[in-house]
Number of protein chains: 2
Amino acid sequence: MSMKISQLSDETGVARATLKYYLREGLLHAGASRGRTQADYDASHVARVRLVRALIEAGGLSLASVKEVVQALESPPDRRHDLLGAAQCALTGSTRAEPVSCPRARALMNDLSWRIDPGSPLLTDLEHQLDAADAAGVAVPDERLRTYATSMHEVAQVDVESVPDDPQGAVRQVVVATVLIDPILITLRRLGQQDVSAQRFGLD
Amino acid sequence: MSMKISQLSDETGVARATLKYYLREGLLHAGASRGRTQADYDASHVARVRLVRALIEAGGLSLASVKEVVQALESPPDRRHDLLGAAQCALTGSTRAEPVSCPRARALMNDLSWRIDPGSPLLTDLEHQLDAADAAGVAVPDERLRTYATSMHEVAQVDVESVPDDPQGAVRQVVVATVLIDPILITLRRLGQQDVSAQRFGLD
DNA sequence: CTCCATTGGATAGTAGCGCTCTCCAATAAT
DNA sequence: ATTATTGGAGAGCGCTACTATCCAATGGAG
């Protein structure tokens, strides 16, 4: 299972120049060097390239985010719960350290008795998103928000259940599943809307 | 309620040059022209600018998508069910007209008895996303997919219920809520994962 | 051993997006 | 009459994700 860069390119459908770029950017680990002008790539490189492409194309991640993800993949934390945080940190571009209060987000968490780190950037994310909806003239009533939260909690339940025990596979599962399933959920939401709407307002 | 462009800029926090750019790009309707070098803007312009910004910042839409959305806002279809399709078309960049078969997506819809137009681009989207997950080495078993679909159907139920009868407000609600609530759902999923994980693996 | 294709490595260039800056004559406000 | 502002249009900028070109070193085929 050993190949040169051209074969890697053929195998994955990614241009050689792009592969070299990924090597330079640290998205792809170097191959085993055979002399000065040759390196061997193997199945792990094929898998990595496919992962990177999936994260970019299906997950809509930037190269910088992909880099964080693959770095998280390479240094798995030992505590099970930390994994999630690492994966999530790698994903959100939450570089803002504003000590905002997030009244609505906190109220919701409290209301639902969710165990959330009070300093989690997810809370400020949520608050910003609610503010944006308000600014756009579409308020989300608390009750509706709670309903959404309940449904997403079911999703999260499945997410966490499906993490394998094997720590190696766990990181991969958590990180990749989180990113790649997001768009799947969104698409399912749209399809669900179609169904409910068809049911309610007739097909014609 | 009449203002010049500078006031509109002050009101919305968007630079004058950017507002002019939006005008050129058709994201913002022109103000009432008062002579050659003056136009009046009103509350509708403020609302539009805030909407555009929310779609871009919180919704993560490209200017091109925002343009489609605001055009959909300006020409509301009369049939209630069409609204949804228009909104959804404006959102996905599904410009691909590939007559793909989408075996898994169709099987799922069939399995759940959802009423979906067999030609819907959402089906090909879903199929692509499932393929991407496979390629990335993280398969989504059918059973898990069904569970996700069920949860998202609950979300969709709430979505459709909260559409007002008033056709003017309906378009706005559908379009904006769809785009702006997506990220909220994703954030709620992450928070839910935190909670489930804390519950399952301990807080320590 | 020779010769040509390929490789790794590096640099520069490209296309698209989302602004932002600069300039202008016309005009409104004072 | 003077000054500030406006609409309009074009060019330019910073960023991202590549892509293209060049190079000497080398590997493999004959």
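To find a chain, count down the sequence lines: A is the first, B the second, and so on, and within it residues start at 1. Please read these numbers as outputs of a predicted model, since none were measured by experiment.
Computed from coordinates, the B:L61 CG to C:dC17 P distance equals 14 Å when rounded to whole Å. Whole-Å rounding puts the B:E25 CD to D:dG8 C1' distance at 14 Å. Straight-line distance from the CG atom of B:D10 to the P atom of D:dT6: 9 Å, rounded to whole Å. For the pair A:K20 NZ and C:dT6 P, the interatomic distance rounds to 13 Å; values are reported in whole Å. Following rounding to the nearest Å, A:L28 (CG) and C:dG8 (C1') show an atom-to-atom distance of 13 Å.
When only modelled atom types and interatomic distance are considered, A:E154 and B:T147 share no side-chain donor-acceptor pair under 3.5 Å. Side-chain contact check for B:Y22 and B:R53: at least one donor-acceptor pair (N or O, by modelled atom type) lies under 3.5 Å. Side-chain N/O atoms of B:H45 and B:D42 include a donor and acceptor closer than 3.5 Å. There is a side-chain donor-acceptor pair under 3.5 Å between A:S62 and A:S65.
When distances are taken from the side chain of A:T37 to each of D:dT6, D:dA25, D:dT19, the shortest belongs to D:dA25. Here the nucleotide nearest the side chain of B:Y21, chosen from C:dT7, C:dT20, D:dT19, is C:dT20.
The residue among A:T18 and A:R34 whose nearest nucleotide of DNA chain D is located toward the 5' end is A:T18. Each of B:Y22 and A:K4 was matched to the nucleotide of DNA chain C holding its nearest heavy atom; the match closer to the 5' end belongs to A:K4. For A:R24 and A:D40, each mapped to the nucleotide of DNA chain C holding its nearest heavy atom, the one lying further toward the 5' end belongs to A:D40.
A:I56 comes within contact range of the sugar-phosphate backbone alone, with a heavy-atom separation under 4.0 Å but no base atom that close. In this structure, B:S6 reaches the sugar-phosphate backbone alone: every heavy-atom distance under 4.0 Å involves primed, P, OP1 or OP2 atoms, never a base.
Distances shorter than 4.0 Å separate none of the side-chain N or O atoms of A:S62 from OP1 or OP2 on D:dT16.
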